[in-house]
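Fair warning: this is a prediction, and the values are worked out from it, not measured in the lab. The figures here come from the full heavy-atom set of this structure, side chains too, leaving out hydrogens, waters and symmetry mates.
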Amino acid sequence: TGQVTLGGNVDANAGLDVTGATNLNGATTVTGANTFTVGTGATTLGGTLGVTGATTATGLVTANGGVTMSAVQYFTMGGNALNDNVYYNR
């Protein structure tokens with residue numbers, strides 16, 4: 001029990017279970033073909049979120065600052081492809 005301070009790298013070869021709040025005060029990387037999963041709680045990120053590859057959002061997406069798309073990209077809404085030449089007003 002109590003706090004433990006380690007001055008070097010920690011290798012956990014059989015997994016690492018952490019119960020309670022966790023502060024990561026440096027760059028954090030998930031390497032390889034692994035998944036980063038958040039349970040049912042809210043997730044807040046400060047700064048820019050960069051995503052490489054396909055992105056799936058199941059549920060409502062709110063973009064309070066607007067959405068910017070590069071040319072020749074499109075949204076599909078209600079079966080209709082909307083590109084940067086179309087204004088959609090519901």
Between N13 and D11, is the side-chain hydrogen bond (donor to acceptor under 3.5 Å, both in side chains) condition met? List the steps. CA-CA 6 Å; N13 295 317; D11 292 322; over 6 Å; no
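Cluster annotation: L45 and F36 are assigned to distinct hydrophobic clusters (Ile/Leu/Val/Met/Phe/Trp/Tyr, side-chain heavy-atom contacts under 4.5 Å, transitive).
The two residues L16 and A12 come nearest to each other via the heavy atoms CB-CB, 4.2 Å. Closest of all the heavy-atom pairs between V38 and G41 is CG1-O, 3.9 Å.
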